[in-house]
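Scroll down for the structure; my scribbles are underneath it.
So that the names make sense, note that chain A is the first sequence line, chain B the second, and so on, each numbered from 1.
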Amino acid sequence: MNIPMEYGLLLAVILFCIGLAGLLIRRNIIFMLLCIEIMLNAAGVAFVVAGAAWGQAEGQVMFIFILAMAAAEVSVGLALIIQLFKQTGSLDVTNANKMKG
Amino acid sequence: MEILFYIAGVLAILSTVMVIAVRNAVHALLYLIVSLLSISVIFFILGAPFIAALEVIVYAGAIMVLFVFVIMMLYVDSSNSNEKNIFIKPKTWIGPSIIALILMAEMLYMLLGEGYHPMPHQIISPAAVGKLMFTKYALVVDLAGFLLTAGIVGAYHLGQKERKILHRYLTDKNENL
């Protein structure tokens, strides 16, 4: 059982960059919200790995707070998606620049 | 135990790549659930069983169900959107991929520059997490509660049906017009 701490952080970095690339590539707003979830989860992985490396419980506490923040953010984001769908009739974010204020 | 970490890590990365590559939203959601479950396995191996359980219950259970509800409410046929041929033209995805790769290379350079630090295998119990959370970080727990309350109120306000009267001054003007 000698997993280096760097491998756990490597996983977090790769997941974060996949989420970032997806956020930049996709134009569907549901996929963009999913990519934000991936990035938040990657940050949580980094916290838990660092907490496990030092044997402290602070990393897990921070993960719980990230979880609460992700839940609040998803509820508001999904309500915004429903509003955008009502306004524009599609889930494409390029249609959102026709809002006129 | 050690080989499980690598298997779960590779599985998480592959399924996360599939999340951003597939076109169907429900398929992407299922791939994301696979990714979250494999990350939960990694947490379990790292000695955080409470967090592994929370990852399955809250992320894969609650947040993904919210996404499923919204997709079920307003699912549009993806064949008529502009995203149809997004992965055929390299112009659309090669620029953002280069940006993300540069960021990843920078972080990997910083991360792997120094030697490896092996992690001690030590299981942190949920009791230790709870004790720390409700003594030292009790104020942050309160703030998280405020944040969740604000999220509920905001989601309710955004999700309610549109009224005809937007503002008490605008109605008169609209009627005159």
Side-chain angles (χ1 to χ4, degrees), chain A residues 1-11 13-15 17-22 24-28 30-31 33-35 37-38 41 45 48-49 51-53 55-58 60-61 63-65 67-76 78-83 85-86 90-92 94, chain B residues 1-2 5 9 12-13 16-17 19-20 25 28 32 36 39 43 46-48 50-51 54 58-59 62-63 66 70-71 73-74 76 81-83 92-93 96-97 99-100 103-104 107-108 111-112 116-122 124 128-129 132-133 137 140 144 147-148 151-152 154-155 158-159:
Chain A
M1 188 63 195
N2 272 322
I3 303 167
M5 179 187 73
E6 277 77 12
Y7 286 177
L9 293 179
L10 189 73
L11 177 72
V13 165
I14 291 173
L15 287 179
C17 289
I18 291 171
L20 178 67
L24 294 175
I25 289 171
R26 300 306 294 253
R27 293 271 71 85
N28 192 330
I30 285 183
F31 280 92
L33 204 57
L34 277 181
C35 290
E37 286 303 307
I38 292 171
N41 197 25
V45 171
V48 173
V49 167
Q56 301 288 324
E58 263 97 350
Q60 304 191 19
V61 173
F63 185 86
I64 293 173
F65 294 142
L67 205 63
M69 195 202 67
E73 179 250 340
V74 158
S75 61
V76 176
L78 288 174
L80 280 173
I81 286 176
I82 292 172
Q83 280 295 326
F85 186 76
K86 275 184 193 166
S90 78
L91 290 174
D92 204 339
T94 49
Chain B
M1 281 297 266
E2 198 171 335
F5 176 83
I13 292 171
T16 312
V17 168
V19 170
I20 68 168
L32 186 56
L36 292 175
I39 289 173
F43 286 160
L46 288 179
F50 183 49
I51 298 300
L54 273 187
V58 179
Y59 254 117
I63 296 181
L66 270 182
V70 171
I71 290 173
M73 267 179 69
L74 35 93
V76 287
S81 77
N82 308 343
E83 241 188 6
T92 53
W93 58 267
S97 303
I99 291 173
L103 183 65
M104 191 168 81
M107 285 199 277
L108 292 189
L111 201 62
L112 302 178
Y116 293 142
H117 303 86
M119 282 190 277
H121 184 57
Q122 158 183 10
I124 297 170
V129 178
L132 188 65
M133 197 165 83
Y137 293 102
V140 191
L147 180 67
L148 282 173
I152 290 170
L158 284 172

Side chain from CB out, backbone as N, CA, C, O: work out which of these in [X] comes under 4.5 Å of a heavy atom of chain A, or both, or neither.
X: B:V58; answer: side chain
X: B:F43; answer: side chain
X: B:L112; answer: side chain
X: B:I39; answer: side chain
X: B:L111; answer: both

Given heavy-atom pairs under 4.5 angstrom as the criterion, report whether the side chain, backbone, both or neither of [X] touches chain B.
X: A:Q56; answer: backbone
X: A:L11; answer: side chain
X: A:I38; answer: side chain

Compare all side-chain heavy atoms of B:S97 with those of A:I25 and state whether any distance is below 4.5 angstrom.
yes

Hey, are the side chains of B:Y59 and A:L67 touching, using non-hydrogen atoms and a 4.5 Å cut-off?
yes

Over 60° means perpendicular and under 30° means parallel, so classify the ring planes of A:F65 and B:Y137, tilted if in between.
perpendicular

List the steps and the verdict of side-chain contact (heavy atoms from CB on, under 4.5 Å) for A:L10 and B:L108.
CA-CA 7 Å; A:L10 189 73; B:L108 292 189; 3.0 Å; yes

Among A:I14, A:L34, A:L33, single out the residue with the greatest number of heavy-atom pairs under 4.5 Å to chain B.
A:L34

Could you tell me which of A:L80, A:I81, A:L20, A:V48 has the largest number of non-hydrogen atom pairs under 4.5 Å with chain B?
A:V48

Could you measure the distance from the [atom1] atom of [X] to the [atom2] atom of [Y]? Nearest 0.5 Å is fine.
X: B:I124; Y: B:I51; atom1: CD1; atom2: CD1; answer: 9.5 Å
X: A:L91; Y: A:R26; atom1: CG; atom2: CZ; answer: 12.0 Å
X: B:I63; Y: A:E37; atom1: CD1; atom2: CD; answer: 5.0 Å

